[in-house]
Amino acid sequence: MNNSKKQLLPTIRDLPRFLCEPDPYIYLSNNYVVLDYETTNKDKGTALRGDNRIVLACWHAVLGEETEVLSHYGGEYELSELVEAVQRADFLVAHNAKFELQWLERCGLDIGEVVVYDTMLGEYVLGGNRWVGAKVGLDAIARRRGLGAKATLVSNLIKNGVCPSDIPRAWLEKYCARDVDLTHRLFLEQRRELEEHGLLKVLYTRCLLTPVLADIEKNGMYLDAERVEAAYVAAERELFDLNVRLHTLTGGINTNSTKQLAKFLYEDLKFAEVKDYKGKPLRTPAGAPRTDVDTISSLRPKNQKQREFLEVYSRHKEVSNELTKYLRKWHECCENDGGHLTAFFNQHMTQTHRLSSSGAKYRTQFQNFPRTYKPFFTAPTDKWLVGECDGSQLEFRVAVHLGRDEQGLYDIEHGEDIHGFTAQTLTEAGEPTDRQGAKAHTFKPLYGGQSGTHAQQTYYQAFRLKYKGIAEAQQRWINEVLSTGKLVTEWGMVYHWPGTKMSRSGYVDNTTSICNYPVQGFATAEIIPIALVFMWHRLRRSDLQMRIVNTIHDSIIMLLPEEEQEDFHILSKECLINAVYDYLRCTYNVQLTVPLGCSVSTGKHWGSKEETKYEAEKELYRGNGV
DNA sequence: GAAAAGTGCGCC
DNA sequence: AAATGGCGCACTTTTC
């Protein structure tokens with residue numbers, strides 16, 4: 001166990017050079033490999049399925065002026081030449097490199113030692129918020145850039161479910177060679193543009209996260225079968241009763257149909273629609289009456305029939321949601337897979353560049369479990385725990401930094417109760433609100449929110465007055481977008497809102513996005529990924545057994561042996577706090593001016609209430625950091 | 001009959 | 001005219 005080369009917890013200096021001395025200009029080197037795999041096609045060909053295999057690998061090995069064009073038809077055990085080429089190179093180029101990395105790991109590569117350049121992420125970073133998802137697919141990019149479309153015959157075969165292993169070898173080779181060539185030319189175009197726009201560093205950060213995600217997707221999370229089963233059975237039982245009652249009350253309409261439900265609510269039961277301050281009914285974007293919980297819960301029943309319907313309906317909605325989105329799937333997962341639940345992370349789906357996730361086999365994504373279900377997750381073995389660490393008030397603190405807001409800094413340093421201020425302001429404006437109820441409103445101004453009830457508007461104004469620095473920064477962002485159509489953030493990321501105009505009333509299009517993207521992006525697309533990267537590499541170079549299993553925007557979820565609790569605390573603090581300051585300074589030349597904090601908890605199940613909080617030392621954010 | 005649009009709801 | 005950001009998934013209805 002005491003491997004001489006490893007330590008329980010290596011320091012940051014022991015990490016690979018590309019981390020302790022981050023250098024985005026490595027991408028200007030001409031020592032790289034461009035790779036594309038064709039694989040069998042179960043679940044999109046993922047390497048995480050043992051029954052998939054590599055059909056064909058095509059790669060370019062570039063060294064100086066020389067480009068070798070290579071390919072190999074056959075499985076992963078015969079690809080040592082490729083693995084060695086990748087190890088010799090300064091970096092690996094691939095489109096959606098997470099996919100290739102998972103395969104390369106099966107081919108025997110240590111993916112913790114590789115720097116990748118992902119052309120999908122390259123395009124994503126160049127686009128800012130302009131193109132996401134399918135628009136950064138290789139086809140779409142080739143079309144947009146006039147690089148020549150993909151070979152249509154083979155791509156159509158694959159799209160229509162034909163396994164590459166059944167496609168004639170010569171066709172497939174031509175297709176794959178073309179994709180590598182396309183990826184290579186795309187890379188050369190992109191790196192020039194990224195350098196020109198000062199975006200290499202942003203791409204570097206995106207790409208550092210790729211091997212981390214490639215690895216943690218393999219882990220998954222574990223459900224406590226007993227807890228899931230109990231909740232599942234109780235919910236099915238309750239739903240059955242509620243269905244009967246609802247059927248009687250409504251005469252058998254389908255309450256899942258917004259159309260039928262709206263007719264029942266507003267015509268049959270004669271509820272009055274909720275109106276705005278001008279007396280106009282609040283409708284959906286398409287003009288239909290609203291039937292969501294918020295709307296329905298604000299309806300005021302005037303008779304017994306209305307009252308009873310609201311009561312039964314709201315509970316029915318709750319229970320059926322829980323069942324269809326979580327409990328039935330998790331019940332299946334416990335029956336068939338011992339409660340092992342997996343998902344994958346999408347690096348290219350969001351406008352702000354935070355991650356998104358999608359459920360794998362059971363289609364439950366990893367970022368929207370109901371909070372009350374956290375205790376349904378547990379460790380797969382005895383003597384292991386679930387741990388969670390998250391950035392304290394992360395988006396607020398980021399906003400305070402971006403606005404160099406003195407009041408905000410004071411409040412953070414003195415642990416002021418921000419929600420308390422919200423509650424007090426709302427109460428004094430005639431809308432009695434407790435602290436819990438105030439939480440929803442506290443940060444709405446960070447999203448540029450202005451409207452609402454009189455008391456709410458009073459609060460938003462009070463927020464803008466109190467945190468002047470934040471409000472002024474947001475106003476500057478709006479002005480910049482008005483005059484240039486884009487916003488260059490202080491870490492280099494550029495968001496675009498072309499054609500933004502001011503209306504006659506003075507309201508600027510996209511105000512809410514302009515106010516929010518920099519905050520959300522810096523917090524959850526830069527800071528947390530940095531922490532994840534450092535945490536993963538330090539664990540990888542240690543003897544510790546704990547592993548990262550999930551990340552939800554401002555938090556990281558782990559599985560760990562009981563005896564590694566202290567290491568987990570240290571690691572959380574050092575990665576979520578210290579490493580972030582260093583990395584931001586080295587890579588982005590950004591000196592954070594606020595304390596970062598984190599809170600750490602562990603337990604037999606996820607969601608333990610006992611938290612330990614840590615705060616940054618003053619010299620990290622108030623001096624030169626030395 | 002499949003795809004797209006619309007609506008609602010879970011999380012941060 | 002409206003004016004709180006970001007997602008993915010279930011379900012119904014509309015469109016092609």
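Values in this document were obtained by computation on a predicted structure and should not be read as measured data. Computation of the quantities below employed the complete heavy-atom set of this structure, encompassing side-chain atoms and omitting hydrogens, waters and symmetry-equivalent molecules. Protein chains get the first letters and strands the later ones, always in sequence-line order, with residue 1 at the start of each.
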Terminal helix-axis angle for the helix from B/dG1-C/dC16 to B/dC12-C/dG5, with five pairs defining each axis and rounding to 10 degrees: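 For the helix from B/dG1-C/dC16 to B/dC12-C/dG5, the axes at opposite ends meet at about 10°.
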For the pair made of [atom1] in [X] and [atom2] in [N], what is the distance, rounded to whole Å?
| X | N | atom1 | atom2 | answer |
| --- | --- | --- | --- | --- |
| A/R283 | B/dG6 | CZ | P | 16 Å |
| A/N254 | B/dT7 | CG | P | 17 Å |
| A/L446 | B/dC12 | CG | C1' | 13 Å |
| A/E388 | B/dC12 | CD | C1' | 11 Å |
| A/D390 | B/dC11 | CG | P | 15 Å |
| A/Y373 | B/dC9 | OH | C1' | 13 Å |
| A/Q520 | B/dC12 | CD | P | 13 Å |
| A/N550 | B/dC11 | CG | P | 14 Å |

Phosphate OP1/OP2 of B/dG8 contacted by A/R290 side-chain N/O (<4.0 Å): yes
A/Y495, A/W491, A/Y588 screened by ring-ring contact (aromatic ring centres under 6.0 Å, His included) with A/F522, the one that passes: A/W491
The single option from A/Y232, A/Y373, A/Y362 passing ring-ring contact (aromatic ring centres under 6.0 Å, His included) against A/W330: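 Of the listed options, the one satisfying the test is A/Y373.
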Cationic N near anionic O, under 4.0 Å, A/E395 to A/R354: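 Counted as a salt bridge, because a side-chain N and a carboxylate O are separated by less than 4.0 Å.
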Carboxylate-amine/guanidinium proximity below 4.0 Å for A/R315 and A/E318: yes
A quick test of your reading: do over 12 heavy atoms of other residues, nucleotides or ligands sit less than 6.0 Å from [atom1] of [X]?
| X | atom1 | value |
| --- | --- | --- |
| A/K361 | NZ | yes |
| A/R237 | CZ | no |
| A/K501 | NZ | no |
| A/K135 | NZ | no |

Rounded distance in Å between the C1' positions of C/dA1 and B/dC9: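 Their C1' atoms lie roughly 26 Å apart.
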Whole-Å C1' distance, B/dA5 and C/dT4: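 Here B/dA5 and C/dT4 have their C1' atoms 24 Å from each other.
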Donor-acceptor pair between A/H401 and A/E490 side chains, under 3.5 angstrom: yes
Between A/R290 and A/T295: side-chain donor-acceptor atoms closer than 3.5 Å: no
DNA chain C: 5'-most and 3'-most nucleotides touching chain A, 4.0 angstrom heavy-atom criterion: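 Answer, 5' to 3': C/dA1 to C/dT14.
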Aromatic plane relationship, A/Y222 with A/H340 - under 30° parallel, 30 to 60° tilted, over 60° perpendicular: parallel
Most 5' of A/T324 and A/T352 on DNA chain C, judged by nearest nucleotide: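 Checking each residue's closest nucleotide, the 5'-ward one belongs to A/T352.
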Along DNA chain C (nearest heavy atom to each residue), the more 5'-positioned of A/R363 and A/S505: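 The answer here is A/S505.
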Which part of the nucleic acid, if any, lies within reach of [X] when heavy atoms closer than 4.0 Å are counted: base, sugar-phosphate only, or nothing?
| X | answer |
| --- | --- |
| A/K259 | sugar-phosphate |
| A/T258 | sugar-phosphate |
| A/V293 | sugar-phosphate |
| A/P445 | nothing |
| A/S357 | sugar-phosphate |
| A/Q351 | sugar-phosphate |
| A/Y326 | sugar-phosphate |
| A/Y507 | base |
| A/E395 | nothing |
| A/F443 | nothing |

Side-chain-base donor-acceptor pair under 3.5 Å for A/K325 and B/dC9: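 Indeed, a donor on one side and an acceptor on the other fall under 3.5 Å apart.
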Check: B/dG8 base within 3.5 Å donor-acceptor of A/D292 side chain: no
